[in-house]
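All chains are named by letter (A, B, ...) in the order of the sequence lines, taking the proteins before the strands, and each is independently numbered beginning at 1.
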Protein chains: 2
Amino acid sequence: MSTRREAVRQALTDASGFRSAQDLYADLRSEGSKIGLTTVYRALQALSDSGEVDVLRTDDGEAVYRACDTESHHHHLVCRTCSTAVEIKGPTVEEWATEIGAEHGFTGVTHTVEVFGTCADCSLRAVQQT
Amino acid sequence: MSTRREAVRQALTDASGFRSAQDLYADLRSEGSKIGLTTVYRALQALSDSGEVDVLRTDDGEAVYRACDTESHHHHLVCRTCSTAVEIKGPTVEEWATEIGAEHGFTGVTHTVEVFGTCADCSLRAVQQT
DNA sequence: GCCATTTTTGACAACCATTTTCGTTTTCGT
DNA sequence: ACGAAAACGAAAATGGTTGTCAAAAATGGC
């Protein structure tokens, strides 16, 4: 594990939500790092290949990453304002997806599930019109 | 509704699965249409804005579209080989998502759910090693 | 410690889906 | 048929992401 890759992982861990490669690059540069954008992309690709970070796509096609607490299968509850994410586990959706697939004769069923909302803090802030 | 937009909608309807803008452009051109790529994008944007087609992002960030039977909220069971999609309805996931959001104090909860697998036909074809 | 080999890095160019621009064509109301 | 407004399409611009390649850093044998 190279120093640069570790730096990217740390930057991702420090931010407790989903961040894009460009975001992380900006974060690292503003901390004084001399890292290059290419390296950030390479580090993120390696980390996601090894399952150490989760990736998903925003509606406008940008890839965003998150360092997760667990490497096992899980989903996220993401705040659409501050992008903070809570990890969600539980058999309900998994069972539902498997069942739906089986009903239609599909094999090798997988699923992508993300839940979005406005977190308690951001909801409050919005109401207060700060 | 312009003729061009109708042509795009028809092309999407003919394909019973998710297709990218580039795919649809190729389909239409190969049918002899003189439509431009720009118009395909514009038509898809308009159709998705009006809720007549569903959009989702592939893992590599490309936007894919589908003409759906219903305009109400639903999900898809998509074949990862032939991209055919079955529409899924049912309260299970909706309830689950709302509940999860509420548990963590999130408001305005929405969700994205897609289920992938290999459909019965494609599974069979794979086994037969055609 | 020192040199050769391998790996990692980063500036820059290349890619490619998508959007914007803008002049032309078509549509539509009268 | 006439003029305004909308739709169209070719080409250029955009922007996130990936490929290239030479320089820099880590590694291993001596």
Side-chain angles (χ1 to χ4, degrees), chain A residues 1-12 15 17-67 78 80 83 112 114, chain B residues 1-13 15 17-67 78 80 83 85 112 114:
Chain A
M1 176 70 62
S2 71
T3 306
R4 292 306 200 194
R5 185 174 307 178
E6 192 53 49
V8 171
R9 189 222 295 274
Q10 190 58 53
L12 242 195
F18 282 92
R19 311 229 66 189
S20 71
Q22 311 267 353
D23 287 344
L24 288 167
Y25 173 68
D27 292 349
L28 288 162
R29 296 292 287 205
S30 73
E31 289 174 4
S33 170
K34 292 283 183 283
I35 199 171
L37 184 53
T38 310
T39 305
V40 175
Y41 275 104
R42 267 192 296 241
L44 289 170
Q45 178 122 25
L47 289 168
S48 89
D49 284 351
S50 71
E52 293 170 81
V53 307
D54 280 2
V55 195
L56 60 88
R57 294 268 171 182
T58 62
D59 284 343
D60 59 331
E62 200 178 17
V64 288
Y65 304 83
R66 179 168 202 266
V78 186
R80 66 169 65 85
S83 93
T112 67
E114 300 298 333
Chain B
M1 176 70 61
S2 72
T3 307
R4 292 306 201 192
R5 184 175 307 177
E6 192 53 48
V8 172
R9 188 221 296 273
Q10 191 56 53
L12 241 194
T13 305
F18 282 92
R19 312 229 67 189
S20 71
Q22 311 269 351
D23 288 344
L24 288 167
Y25 173 67
D27 292 348
L28 287 162
R29 297 292 286 204
S30 74
E31 288 174 4
S33 170
K34 292 281 181 286
I35 198 171
L37 183 55
T38 309
T39 306
V40 175
Y41 275 105
R42 266 191 296 240
L44 289 171
Q45 178 123 23
L47 289 168
S48 89
D49 283 352
S50 71
E52 293 170 79
V53 307
D54 279 2
V55 196
L56 61 87
R57 294 269 172 182
T58 62
D59 284 344
D60 59 332
E62 201 178 15
V64 289
Y65 304 82
R66 178 167 202 266
V78 187
R80 65 168 69 85
S83 92
T112 68
E114 300 298 332

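Here D:dT17 is the nucleotide among D:dT17, D:dT20, D:dC8 with the atom lying nearest to any side-chain atom of A:Q22. Of the candidates C:dT9, D:dG16, C:dT18, the closest approach to any side-chain atom of A:T39 belongs to C:dT9.
One N or O donor and one acceptor, one from the side chain of A:T38 and one from the base of C:dA11, sit under 3.5 Å apart.
The distance from atom CD of A:E62 to atom C1' of D:dT14 is 14 Å, rounded to the nearest whole Å. For the pair B:K34 NZ and D:dC8 C1', the computed distance is 15 Å after rounding to whole Å. Spacing between atom CD of B:Q45 and atom C1' of C:dT18 amounts to 10 Å, rounded to whole angstrom units. If you measure from atom CG of B:L37 to atom C1' of C:dT18, you get 8 Å, rounded to the nearest angstrom. As a whole-Å value, the separation of A:R4 CZ from D:dA25 P is 10 Å. For A:L24 and D:dT17, the CG to P distance is 11 Å, given to the nearest whole Å. Taking atom CD on A:E6 and atom P on C:dT9, their separation rounds to 12 Å, with Å as the unit. Rounding to whole angstrom units, CG of residue B:L44 and P of C:dT19 are separated by 10 Å.
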(request) List the steps, then state whether side chain to side chain donor-acceptor pair (under 3.5 Å) holds for B:E52 with B:S50. (result) CA-CA 6 Å; B:E52 293 170 79; B:S50 71; 2.5 Å; yes

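Side-chain atoms of B:R57 come within 3.5 Å of backbone N or O of A:D59 as a donor-acceptor pair. Side-chain atoms of A:R4 never come within 3.5 Å of backbone atoms of A:V40 as a donor-acceptor pair (strictly under, hydrogens ignored).
OP1 or OP2 of D:dT17 sits under 4.0 Å from a side-chain N or O of A:Y41.
Distance check: A:Q10 CD to A:L28 CG gives 10.0 Å after rounding to the nearest 0.5 Å.
Figure legend. D:dC8 is base-paired to C:dG23; pairs are counted as Watson-Crick or G-U wobble with both atom distances under 3.5 Å.
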